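Worksheet: one structure, shown below.
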Amino acid sequence: DRYVRADGREKKKDFKGAIEDINIILQHDHNNLGLVFKRGLNKFKISDFKGAIEDFSEVLKNNPSDKYSFYYRGLANMRLSNFTKSLNDFNLAIDLGTDEKEIYFHRGLVEIELNKYHEAIDDFNFYLTEHQNALEAYFNRGIAHNKCGSFNLALNDFNKAIELNPNHEKAYFERAFVKKNLNDLVGYSN
């Protein structure tokens, strides 16, 4: 049975094989949006982001309130640096009530790319209420604070990122520039 085989291949991380099986099933079951969505997820996992976007868009054409297709299409758009499309998809997923908390972290990353630093800070703040040890959220919130000129807040975030991972080279690098902005020339050179 192709359904069972596709599931088995997914569990073994044979995503290309799962896609092959799903394609065969869809030849006979054209309107199975669940399988189209599943194929999109498998395409995402093999970095076929354009293919994933096509599948999620097909689902959304038939079911425009599928919050998960918006979320995953937003992730695929983000991977392709289609930041405006990604932000739109994330916003729609949130408006539809997605329970994927990671979306706030990802939306924050996209907002930084779009120079929406205050919005990014809000999203990282929300994400950090449930993920207190999210190293990359602190680091990226520090980037956003620095871009807004909130140097002390940026310094706190980079310090927290370094506390969570003393080998985070980018956090040391960004912290040095924040210290320079704070006229801490001794700290900047260390």
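None of the values given here were measured: they were computed from a predicted structure.
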Subject >> Distance, nearest 0.5 Å, that separates CG of Asp14 from CG of Asn42 >> reply: 9.0 Å

Subject >> More than 12 heavy atoms from other groups under 6.0 Å of NZ on Lys45 >> reply: yes

Subject >> Stepwise side-chain hydrogen bond (donor to acceptor under 3.5 Å, both in side chains) test for Tyr71 and Asp66 >> reply: CA-CA 9 Å; Tyr71 175 54; Asp66 185 344; over 6 Å; no

Original post:
Taking atom NZ of Lys50 and atom NZ of Lys43, what is their separation to the nearest 0.5 Å?
Top reply: 13.0 Å

Original post:
In terms of hydrophobic clustering (I, L, V, M, F, W, Y; side-chain heavy atoms under 4.5 Å; direct or indirect links), are Val178 and Tyr172 co-clustered?
Top reply: no

**OP:** Please examine the side chains of Glu100 and Lys67, heavy atoms only from C-beta on, and report whether any two atoms are closer than 4.5 Å.
**Re:** no

**OP:** List the steps and the verdict of side-chain hydrogen bond (donor to acceptor under 3.5 Å, both in side chains) for Asn115 and Tyr117.
**Re:** CA-CA 6 Å; Asn115 301 322; Tyr117 304 116; 2.6 Å; yes

Original post:
Got a donor-acceptor contact below 3.5 angstrom from the Tyr138 side chain to the Gln132 backbone?
Top reply: yes

**OP:** Working to the nearest 0.5 Å, report the span between CG of Leu75 and OG of Ser86.
**Re:** 7.0 Å

Original post:
Is any NZ, NE, NH1 or NH2 atom of the basic residue among Lys61 and Glu58 found under 4.0 Å from an Asp or Glu carboxylate oxygen of the other?
Top reply: no

Original post:
Is it true that Glu20 and Arg9 have a side-chain N and a carboxylate O under 4.0 angstrom from each other?
Top reply: yes

Original post:
Would Leu96 end up clustered with Phe56 when hydrophobic side chains under 4.5 Å apart are linked, directly or stepwise?
Top reply: no

**OP:** Could you check Thr84 against Asn82 for side-chain hydrogen bond (donor to acceptor under 3.5 Å, both in side chains), going step by step and ending with a plain yes or no?
**Re:** CA-CA 6 Å; Thr84 300; Asn82 299 329; over 6 Å; no

**OP:** Look at the side-chain heavy atoms of Ile, Leu, Val, Met, Phe, Trp and Tyr, link any pair under 4.5 Å apart, and say whether Leu41 and Met78 land in one connected group.
**Re:** yes

**OP:** Could you check if a side-chain atom of Ile94 sits within less than 4.5 angstrom of a side-chain atom of Tyr104, using non-hydrogen atoms only?
**Re:** yes

**OP:** State, with a plain yes or no, whether a side-chain heavy atom of His106 is found less than 4.5 Å away from one of Val110.
**Re:** no

For residues 32-40, run the donor-acceptor check on the side chains, cut-off 3.5 Å, and write out each pair with its distance to 0.1 Å, sequence neighbours left out.
residue	atom	partner	partner atom	Å
Asn32	OD1	Gly34	N	3.2
Asn32	OD1	Leu35	N	3.0
Asn32	ND2	Asp29	OD2	3.0
Lys38	NZ	Asp7	OD1	2.2
Lys38	NZ	Glu10	OE1	3.2
Arg39	NE	Asp55	OD1	3.3
Arg39	NE	Asp55	OD2	2.9
Arg39	NH1	Asn23	OD1	2.8
Arg39	NH2	Asp55	OD1	2.7

**OP:** Kindly work out whether a path of hydrophobic side-chain contacts (I/L/V/M/F/W/Y, heavy atoms less than 4.5 Å apart) joins Leu128 to Ile143.
**Re:** no

Original post:
Would you say the side chain of Asp99 lies within less than 4.5 Å of the side chain of Tyr68, judging by non-hydrogen atoms?
Top reply: yes

Original post:
Do Ile19 and Ile46 touch side chain to side chain, with heavy atoms closer than 4.5 Å?
Top reply: yes

Original post:
Could you give the distance from NZ (Lys160) to CZ (Arg175), rounded to the nearest 0.5 Å?
Top reply: 14.0 Å

Original post:
With respect to Phe139, which candidate in Phe124, Phe158, Phe173, Phe105 satisfies the ring pair (Phe, Tyr, Trp, His ring centres under 6.0 Å) definition?
Top reply: Phe158

Original post:
Looking only at heavy atoms, which two atoms of Asp21 and Ala6 are closest? And how far apart?
Top reply: OD2-N, 3.6 Å

Original post:
Does Glu111 come within less than 4.0 Å of Arg107, counting only side-chain N to carboxylate O?
Top reply: yes

Original post:
Looking at side-chain heavy atoms only, is the closest gap between Ile121 and Cys148 below 4.5 Å?
Top reply: yes

Subject >> Hydrophobic cluster membership, Tyr3 vs Ile22, 4.5 Å side-chain cutoff >> reply: yes

Subject >> Closest approach of Ala52 to Ala76 (non-hydrogen atoms, all atoms of both residues) >> reply: CB-CB, 4.5 Å

**OP:** Work out which heavy atom in Gly142 is nearest to a heavy atom in Asp157; give both atom names and the distance.
**Re:** N-OD2, 3.4 Å

**OP:** Go through Phe44 and Arg79 one step at a time and tell me if the side-chain contact (heavy atoms from CB on, under 4.5 Å) criterion holds.
**Re:** CA-CA 10 Å; Phe44 185 90; Arg79 294 289 178 91; 4.2 Å; yes

Original post:
Okay, side chain of His131, backbone of Ala134: is any donor-acceptor separation there less than 3.5 Å?
Top reply: no

Subject >> Heavy atoms from other residues, nucleotides or ligands near CD of Gln27 exceed 12 (cutoff 6.0 Å) >> reply: yes

Original post:
Hey, does Ile53 have a side-chain heavy atom less than 4.5 Å from the side chain of Leu80?
Top reply: yes

Original post:
Among Ile162, Asn140, Leu164, which residue meets the side-chain contact (heavy atoms from CB on, under 4.5 Å) test with Leu135?
Top reply: Leu164

**OP:** Nearest 0.5 Å please: distance from the OG1 atom of Thr129 over to the OH atom of Tyr127.
**Re:** 10.5 Å

Original post:
Any side-chain heavy atom of Leu92 within less than 4.5 Å of one from Phe90?
Top reply: no

